[in-house]
Amino acid sequence: MTLSSLQPVRGTHDLMFDDIRRHRHVQSKFASVAARYGYSEIATPIFESTEVFARTLGDTTDIVTKEMYTFETKGGESVTLRPEGTAGVARAFISEGLTQQTPLKLFYNGPMFRHERPQKGRQRQFHQIGAELLGVPGPQGDVEVIALADHILRELNLTGKVTLELNSLGDADSRAAYRAVLIEYLTGHREKLSAESRDRLEKNPLRVLDSKDAADKEIVISAPRFPDYLNQASRDFFKSVQDGLSDLGVAFSLNASLVRGLDYYSHTAFEFTTEALGAQGTVLAGGRYDGLIAQMGGPPTAGIGWAAGVERLAMLLGEMPVLPRPIAVIPVGVGEDAVAQKLVHRLRMSGFNVDIGYSGNMGKRMKRANKLNAAVALIIGEDEVKQSSVTLRHLDSGEQSTVAMADLESRLELYR
RNA sequence: GCGGGUAUAGCUCAGUUGGUUAGAGCAUCUGGUUGUGGUCCAGAGGGUCGUGGGUUCGAGUCCCAUUACUCGCCCCA
């Protein structure tokens, strides 16, 4: 541990054994469920022009102002390691000429990078799965996207551990109206607000609703409520989303202070949260972003999507299913090595999961077979080679018998 | 960026008011068992006590700094 450069960079981790199995489990469940909903996969580059993120996320967000891994290429271009997935998908939507192929359903999965202080459930390189539905302006789009999220959490057996919170940010008019009264109210209490909230009052007043500062919370309790300022169209829209979810049996609760900071968000905002991960309770979050594509320079296109943290989901998973037990092939002496190797290959070609101890006496190899959790050992010695057979030993019971080489596949059928 | 906690063997951790060869369990290796593992028994290897400085006759232990990890704030997935 003396060479600091031999440690993984702060906030990054090597994933192996059980950890990566959990990740793969999350990812493969996601891929199979997403396919049932008609989503196809997209893999956008891990870095993009800095502009792509700066423009889409908004230059008042923490992500853009202090958490991006931004660097200059040898060609002098400013590029950024992606801090989230939606911006890249939106960029691809425009630059790949997909704007005429709506409705478009895309899902993705991959590493994201944010320069934050690491803690439980928060790393500098982390992984997200996400889904985006482009070109569906109606509430049935919201319902389907949320149902997809709920479905995946269900497949992962997490329904008891997470709850869905829902809010509406309304359309642009509603938001402008609410924003105005909120600013007026908060300005009246300006002196009592925390420093950050005073700052947000200028840049992003909705975020004050989110504050965890005790004094701020006091003020927020009596603040004008967003739902009261939704116009009729926005109310109808939100009502349809709620009815749609209820019809599908997706449970949710309303949370009027659930907000998204960015201007292009509208209508539905939602989060699946858990109590089990401490401060990082948000496991999956998303919303409708009808303004985004236009803001990036594409044709006005409705959009809604979400992203989930794979690490956070993986932490919530229970025990992983046990791995299939291999078959161990054990040559008694060096004389049998070649026969053993051929047998191993033959069984692998037939679809069996086979391992072999590479060196050592028989005792050692038996020990290794045991450690691999092998179900059976195939022992090959001089006698066996002579009669073209192997000794098949069941490692749990210790029973063993002689099996002709030719009959092996059928005798091992149970262990495939 | 701010605050708290922690750092001793590959892993999990003991280590007394500062006291001389720094321990345990697990893991690893060897032997008991040269064609039979998981149990058992005997033994072995493995540590610049995170790093640097200071106090002291003497520091794993006290002080300072630093780094890493971790939890919280913030932010978010």
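Every chain is numbered from 1, with letters handed out A, B, ... down the list of sequences.
- Using a 4.0 Å heavy-atom cutoff across all strands shown, A:R368 reaches no nucleic acid atom at all.
- Considering only side-chain N and O atoms, A:Q119 lies under 4.0 angstrom from the phosphate OP1 or OP2 of B:rG72.
- Comparing the same atom, P, in B:rU6 and in B:rA14 gives a spacing of 11 Å after rounding to whole Å.
- Side-chain N/O atoms of A:R114 and base N/O atoms of B:rA77 include a donor-acceptor pair closer than 3.5 Å.
- Between B:rU67 and B:rU51, the distance separating the two P atoms is 15 Å to the nearest Å.
- Under 3.5 Å, the side chains of A:E384 and A:T402 contain no donor-acceptor pair of N or O atoms.
- A salt bridge is absent between A:R22 and A:D19; no separation between the charged side-chain nitrogens and carboxylate oxygens falls under 4.0 Å.
- With RNA chain B read from its 5' end, the first of the two nearest nucleotides for A:H115 and A:I379 is the one closest to A:H115.
- Residue contacts shown for A:E384 include a base, since a base heavy atom lies under 4.0 Å away.
- Scored by the ring pair (Phe, Tyr, Trp, His ring centres under 6.0 Å) test, A:H115 finds A:Y69 as partners (sequence neighbours excluded).
- Rounded to a whole angstrom, the distance from the P atom of B:rG60 to that of B:rG54 is 15 Å.
- One finds no side-chain N or O of A:K371 lying less than 4.0 angstrom from the OP1 or OP2 phosphate oxygen of B:rA27.
- Residue A:E382 is in base contact, counting any heavy-atom pair closer than 4.0 Å across all strands shown.
- Take A:T70 and apply the side-chain contact (heavy atoms from CB on, under 4.5 Å) test, not counting sequence neighbours, and it matches A:T50, A:M68, A:S78, A:T80.
- B:rU6 is paired with B:rA68 under the criterion used here, namely a Watson-Crick or G-U wobble arrangement in which both key atom distances are under 3.5 Å.
- For A:R122 and B:rC71, a side-chain-to-base donor-acceptor distance below 3.5 Å is absent, hydrogens and geometry of angles not being considered.
- Checking the phosphate oxygens (OP1, OP2) of B:rC74, no side-chain nitrogen or oxygen of A:R117 falls inside 4.0 Å.
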